[in-house]
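Just so you know, these numbers use all the heavy atoms, side chains as well, and skip hydrogens, waters and symmetry mates.
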Amino acid sequence: MLEDSKAFSGFSVNNLQVAKDFYGRILGLNVSESHGLLHLHFAGGSRVLVYPKPNHSPATFTILNFPVDNVDAAVEELTKRGVRFEIYDEVGLKTDARGVLRGGGPVIAWFKDPAGNILSVLEER
């Protein structure tokens, strides 16, 4: 029944206009707005719905992963745009001073949107 559906995901934010600026201007995504909702448009035609929620609580897990050719270059460019990368110093999860995790999986770096949701850039080889 649903196998042919073009499913998409969604997540909440506490301020739709701040989210629109972040995803559109800072991250450079194609963003549209309709009926009080944001639509993030990605390569290949996929999309994600972003909706306002007055009692929003940030996700405690990564909600969006952005595959990139080079995490270090992506971290550098996004840092110039004002993005702050998360620094982790936990057993099994230790990033470098720039927020990049190397070893034990893909090279990856996490950051948060203005609503506190966790996003990442990661190398797919």
Side-chain angles (χ1 to χ4, degrees):
M1 178 178 137
L2 298 178
E3 62 272 8
D4 293 325
S5 175
K6 294 185 181 191
F8 60 92
S9 183
F11 60 89
S12 71
V13 296
N14 55 352
N15 186 312
L16 207 62
Q17 292 311 306
V18 170
K20 183 177 183 179
D21 181 65
F22 177 77
Y23 286 98
R25 188 178 59 81
I26 303 294
L27 298 188
L29 300 179
N30 181 0
V31 177
S32 65
E33 186 175 359
S34 64
H35 306 290
L37 305 169
L38 288 183
H39 299 271
L40 308 179
H41 303 273
F42 300 103
S46 63
R47 66 186 169 106
V48 170
L49 178 71
V50 181
Y51 56 93
K53 185 176 177 190
N55 60 345
H56 164 76
S57 292
T60 58
F61 52 88
T62 308
I63 62 164
L64 281 175
N65 296 286
F66 294 94
V68 295
D69 292 331
N70 184 308
V71 164
D72 290 305
V75 167
E76 184 175 333
E77 178 60 31
L78 290 170
T79 298
K80 288 178 186 175
R81 296 179 186 193
V83 173
R84 187 181 65 80
F85 285 83
E86 298 297 303
I87 306 296
Y88 295 108
D89 189 10
E90 304 169 17
V91 175
L93 182 63
K94 185 169 179 69
T95 59
D96 64 20
R98 296 178 68 212
V100 179
L101 176 71
R102 301 169 199 284
V107 176
I108 186 169
W110 293 273
F111 60 101
K112 293 181 179 177
D113 73 3
N117 296 309
I118 302 168
L119 315 171
S120 84
V121 288
L122 66 112
E123 286 181 21
E124 285 192 336
R125 297 186 188 251

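- Heavy-atom minimum distance, Pro58 versus Ala115: CG-O, 3.2 Å.
- Within the 4.5 Å cutoff, no side-chain heavy atoms of Glu86 are placed close to those of Thr95.
- Residues Phe11 and Ile118 do not share a hydrophobic cluster, clusters being chains of Ile/Leu/Val/Met/Phe/Trp/Tyr side chains in contact below 4.5 Å.
- Ring pair Tyr88/Trp110 is perpendicular by interplanar angle, where above 60° counts as perpendicular and below 30° as parallel.
- Here the shortest heavy-atom pairing between Ile26 and Leu78 reads O-CD2, 4.2 Å.
- With rounding to the nearest 0.5 angstrom, the CD1 atom of Ile108 is 10.0 Å from the CD atom of Glu124.
- In terms of modelled atom types and a separation under 3.5 Å, the side chain of Glu3 and the main chain of Met1 share a donor-acceptor contact.
- Between Asp72 and Val100, the shortest heavy-atom distance links the atoms OD1-CG2, 4.0 Å.
- The nearest pair of heavy atoms linking Asn117 to Ala59 is OD1-N, 3.1 Å.
- Put simply, CZ on Phe111 and CZ on Phe66 are 5.5 Å apart, with the number rounded to the nearest 0.5 Å.
- Across every non-hydrogen atom of Leu37 and Pro52, the tightest pair is CD2-CD, 4.1 Å.
- No continuous path of ILVMFWY side-chain contacts below 4.5 Å connects Leu101 to Val107, so the two sit in separate hydrophobic clusters.
- Rounding to the nearest 0.5 Å places NZ of Lys20 at 8.5 Å from OG of Ser32.
- In this structure, Leu64 is not a member of the same hydrophobic cluster as Leu49, with clusters built from ILVMFWY side-chain heavy atoms closer than 4.5 Å.
- In the hydrophobic cluster analysis, where Ile, Leu, Val, Met, Phe, Trp and Tyr join through side-chain heavy atoms closer than 4.5 angstrom, Val68 is grouped together with Ile63.
- A donor-acceptor distance shorter than 3.5 angstrom exists from the side chain of His56 to the backbone of Ser12, with no hydrogens or angles considered.
- Distance check, rounded to the nearest 0.5 Å: CG of Leu38 to CG of Leu16 gives 4.0 Å.
- Distance CD/Glu77 to CG/Leu27: 11.0 Å, rounded to 0.5 Å.
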Practice task
Could you walk me through whether Lys112 and Arg84 pass side chain to side chain contact (heavy atoms under 4.5 Å, CB included), step by step?
Solution key: CA-CA 8 Å; Lys112 293 181 179 177; Arg84 187 181 65 80; 5.6 Å; no
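- Taking NZ of Lys94 as the reference point, atom CD1 of Ile87 lies at 10.0 Å (rounded to 0.5 Å).
- Cluster annotation: Val121 and Phe22 are assigned to the same hydrophobic cluster (Ile/Leu/Val/Met/Phe/Trp/Tyr, side-chain heavy-atom contacts under 4.5 Å, transitive).
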